[in-house]
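Quick note on labels: first sequence line is chain A, next is B, and so on, each numbered from 1.
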2 protein chains.
Amino acid sequence: MNNLPKPTKTELAILNIMWVISPATVRQIHEEIIKNGKTSYTTTLKMLQVMHQKGLVIRNSEHKAHIYEPTLTKKATQKQMLEDLKNRLFGGSISSLVLQALGTNDTTKQSELDEIKALLDKVEEKS
Amino acid sequence: MNNLPKPTKTELAILNIMWVISPATVRQIHEEIIKNGKTSYTTTLKMLQVMHQKGLVIRNSEHKAHIYEPTLTKKATQKQMLEDLKNRLFGGSISSLVLQALGTNDTTKQSELDEIKALLDKVEEKS
DNA sequence: TATTATATACGAGAAACTTCGTTAAATCAT
DNA sequence: ATGATTTAACGAAGTTTCTCGTATATAATA
């Protein structure tokens with residue numbers, strides 16, 4: 001169980017960058033951000049300060065340029081947000097969510113299908 | 001392709017009620033809402049007015065008490081929000097999302113597993 | 001050491017979301 | 001018809017989220 005708030009839209013965009021390049025300075029993160037659109041450096045800085053305040057990222061302040069890192073892994077965040085969506089829109093049923101997800105999609109690779117099947121078998125064994 | 005904004009947290013809570021009892025008046029929807037927590041009637045009314053403004057609900061104003069209904073079905077909204085989550089947190093890969101969802105969960109019913117498998121086979125045939 | 005560059009902190013404004021009170025109109029009951 | 005009830009409309013205040021400028025401190029460099 002984690003206690004952290006769900007990241008907002010903008011926070012999630014920043015986390016996505018951090019999961020690739022962190023640990024990183026604000027400058028490094030900001031360089032990535034401005035590849036898709038204008039933003040001030042101080043905007044990025046403020047976002048990270050707020051995220052730190054919320055506990056979404058941890059930081060090392062030993063040096064002048066602080067080093068930031070996500071508190072949760074990408075996988076843990078995926079789990080958290082799937083859980084949230086499941087509860088708020090799928091009546092708490094993960095299989096309902098999965099069914100809808102599979103039904104929606106029409107371009108799943110064979111290798112991925114196999115992976116899903118394998119996982120299904122594993123889940124099945126446990127019951 | 002639909003053009004509607006993603007419903008906010010509170011809007012989604014209202015939509016969940018409407019998918020069960022709509023078409024419905026503000027009063028009817030509000031009665032459901034106050035079953036879990038206090039809210040003023042005018043708050044519910046305002047939410048519905050804003051949702052109508054955004055196109056999330058349609059309404060019939062022939063009578064004094066307007067009749068509201070969601071614009072999209074629950075299924076269409078599920079699809080929309082899964083699509084959004086997929087793009088923002090799963091690099092656009094639905095199978096990655098499904099794998100994570102199945103891995104997270106440990107209480108899937110056998111009947112649901114069978115349903116998922118059947119759907120997988122169907123998806124597979126199309127390739 | 002003095003100047004310049006780079007970083008953090010902070011506050012304030014803009015924008016989106018949520019809540020609620022007041023007003024006025026329509027409907028109902030007496 | 002008159003008064004009470006129910007409803008919609010509206011504006012405004014409270015919250016959260018996002019953006020940015022200014023001030024200040026630290027580090028680099030000339």
Separation of [N] [atom2] from [X] [atom1] (nearest whole Å):
X: A:Q28; N: C:dT6; atom1: CD; atom2: P; result: 14 Å
X: B:I33; N: C:dC20; atom1: CD1; atom2: C1'; result: 14 Å
X: B:M51; N: C:dA16; atom1: CE; atom2: P; result: 18 Å

Judged by nearest nucleotide, the residue sitting upstream toward the 5' end of DNA chain D, A:H63 or B:H63, is B:H63
Pick the nucleotide of DNA chain D nearest each of A:E62 and A:T10; which residue has the one closer to the 5' end? A:T10
Polar atoms only, N or O, under 3.5 Å: list the protein pairs with nucleotides 7-12 of chain C and their distances.
{"unit_1": "C:dA7", "atom_1": "OP2", "unit_2": "A:R27", "atom_2": "NE", "d": "2.8"}
{"unit_1": "C:dA7", "atom_1": "OP2", "unit_2": "A:R27", "atom_2": "NH2", "d": "2.5"}
{"unit_1": "C:dA7", "atom_1": "O4'", "unit_2": "A:K64", "atom_2": "NZ", "d": "3.4"}
{"unit_1": "C:dT8", "atom_1": "OP1", "unit_2": "A:H66", "atom_2": "N", "d": "3.1"}
{"unit_1": "C:dT8", "atom_1": "OP2", "unit_2": "A:Y41", "atom_2": "OH", "d": "2.6"}
{"unit_1": "C:dA9", "atom_1": "OP2", "unit_2": "A:Q49", "atom_2": "NE2", "d": "3.1"}
{"unit_1": "C:dA9", "atom_1": "OP2", "unit_2": "A:R59", "atom_2": "NH1", "d": "3.3"}
{"unit_1": "C:dG11", "atom_1": "N7", "unit_2": "A:K46", "atom_2": "NZ", "d": "3.4"}
{"unit_1": "C:dG11", "atom_1": "O6", "unit_2": "A:K46", "atom_2": "NZ", "d": "3.4"}

Output yes when at least one side-chain N/O atom of B:T43 is less than 4.0 Å from OP1 or OP2 of C:dT18, else no. no
Go through the structure and list residues passing salt bridge (Lys or Arg N to Asp or Glu O under 4.0 Å) with [X], not counting sequence neighbours.
X: B:E32; result: B:K35
X: A:E83; result: A:K86
X: B:D84; result: B:K6, B:R88
X: B:R27; result: none

Applying a 4.0 Å non-hydrogen cut-off, can you work out what B:K54 is touching in the nucleic acid: base, sugar-phosphate, or nothing? sugar-phosphate
Heavy-atom pair with the smallest gap, counting every atom of A:G92 and A:N87: CA-OD1, 3.8 Å
Contact list for DNA chain D against residues 13-21 of chain B - heavy-atom distance below 4.0 Å: none
Residues at least two apart in sequence or cross-chain that pass side-chain contact (heavy atoms from CB on, under 4.5 Å) with A:L72, listed by chain then number, are A:N2, A:L4, A:A76, A:T77, A:Q80
Non-neighbouring partners of A:L99 that pass side-chain contact (heavy atoms from CB on, under 4.5 Å), sequence neighbours left out: B:E115, B:I116, B:L119
Minimum side-chain heavy-atom gap A:L102-B:K122 below 4.5 Å: no
Walking along DNA chain D from 5' to 3', note the first and the last nucleotide with an atom under 4.0 Å from a heavy atom of chain A, and give both. D:dT17 to D:dA27
Partners passing side-chain hydrogen bond (donor to acceptor under 3.5 Å, both in side chains) against A:E31 (at least two apart in sequence or in another chain): none
If you look only at pairs with a residue in residues 15-42 of chain B, which of them pass as a ring-ring contact (aromatic ring centres under 6.0 Å, His included), with sequence neighbours excluded? B:H30-B:Y41
Tabulate below the donor-acceptor pairs under 3.5 Å that side-chain atoms of residues 52-63 of chain B make, not counting sequence neighbours, or state none.
{"unit_1": "B:K54", "atom_1": "NZ", "unit_2": "B:E11", "atom_2": "OE2", "d": "2.7"}
{"unit_1": "B:R59", "atom_1": "NH1", "unit_2": "B:Y68", "atom_2": "OH", "d": "3.0"}
{"unit_1": "B:N60", "atom_1": "OD1", "unit_2": "B:E62", "atom_2": "N", "d": "2.8"}

